[in-house]
Amino acid sequence: VQLQASGGGLVQPGGSLRLSCAASGSIFSINAMGWYRQVPGKQRELVAAITSGGSTNYADSVKGRFTISRDNAKNTVYLQMNSLKPEDTAVYYCNADLLPNTYGSSWNDYWGQGTLVTVSS
């Protein structure tokens with residue numbers, strides 16, 4: 001099982017980016033999926049999360065600007081980021097609480113490799 005994130009890059013303040021993260025491998029079920037971000041010297045923080053039923057949760061700093069969504073058929077989670085600010089600059093990591101389709105497996109957190117988002121003029 002692996003999570004592959006994509007979509008990061010350099011964008012000017014006020015611009016938009018869309019991150020994607022696809023879970024692949026032998027997967028039985030996925031519960032919550034989410035996006036976290038981290039800057040050097042700081043702890044990783046939750047940006048947004050979404051349950052399998054579509055309930056969402058956002059960090060106060062991104063409410064009204066970011067939208068998380070998912071495609072359960074594709075085991076993919078998205079993060080639409082609008083009105084980006086320099087303080088949004090970070091490495092963004094996707095996360096999934098999933099159960100592999102392997103005998104004896106248990107629910108566990110899986111992480112993507114991280115994608116860098118830089119907001120700068």
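Index from 1, following the sequence.
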Problem set entry | side chain to side chain contact (heavy atoms under 4.5 Å, CB included), paired with Phe66, selected from Leu19, Asp88, Thr56, Asn82 |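 For Phe66, the side chain to side chain contact (heavy atoms under 4.5 Å, CB included) check succeeds only for Asp88.
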
Could you give the distance from [atom1] ([X]) to [atom2] ([Y]), rounded to the nearest 0.5 Å?
X: Ile30; Y: Ser52; atom1: CD1; atom2: OG; result: 9.5 Å
X: Ser20; Y: Gln80; atom1: OG; atom2: CD; result: 9.5 Å
X: Asp109; Y: Leu3; atom1: CG; atom2: CG; result: 10.0 Å
X: Ile27; Y: Asn101; atom1: CD1; atom2: CG; result: 9.5 Å
X: Trp35; Y: Leu46; atom1: CH2; atom2: CG; result: 12.5 Å
X: Ser121; Y: Gln12; atom1: OG; atom2: CD; result: 7.0 Å

Do [X] and [Y] make a side-chain contact, defined as non-hydrogen atoms from C-beta onward lying under 4.5 Å apart?
X: Ser16; Y: Val11; value: no
X: Cys21; Y: Tyr93; value: no
X: Val77; Y: Ile68; value: yes
X: Thr67; Y: Tyr78; value: no
X: Asn75; Y: Leu98; value: no

Exercise. Does CD belonging to Glu87 count more than 12 external heavy atoms closer than 6.0 Å?
Worked result: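 Enclosed.
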
Exercise. What heavy-atom pair brings Thr115 and Ala5 nearest, and what distance separates the two atoms?
Worked result: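 Thr115 and Ala5 have their closest heavy atoms at CG2-CB, 4.4 Å.
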
Exercise. Of the non-hydrogen atoms in Val1 and Ser26, which two are nearest, and what is the gap between them?
Worked result: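 Looking at all heavy atoms of both residues, the shortest contact is CG2-O, 3.7 Å.
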
Given 3.5 Å as the limit, does a donor-acceptor pair link the side chain of [X] with the main chain of [Y], or not?
X: Ser105; Y: Leu99; answer: no
X: Thr102; Y: Pro100; answer: no
X: Gln113; Y: Gln4; answer: no
X: Arg37; Y: Thr89; answer: no

Problem set entry | ring-ring contact (aromatic ring centres under 6.0 Å, His included) partners of Trp111, counting only residues at least two apart |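 Tyr36.
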
For this session: Report whether Val91 and Leu84 are members of the same hydrophobic cluster (ILVMFWY, side-chain heavy atoms less than 4.5 Å apart, transitive linking).
Result: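 No; tracing contacts between hydrophobic side chains, which count when under 4.5 Å, never links both residues.
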
Problem set entry | Single-linkage hydrophobic cluster, 4.5 Å side-chain cutoff, Trp107 and Phe28 together |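 Looking at the clustering, Phe28 is in the same group as Trp107.
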
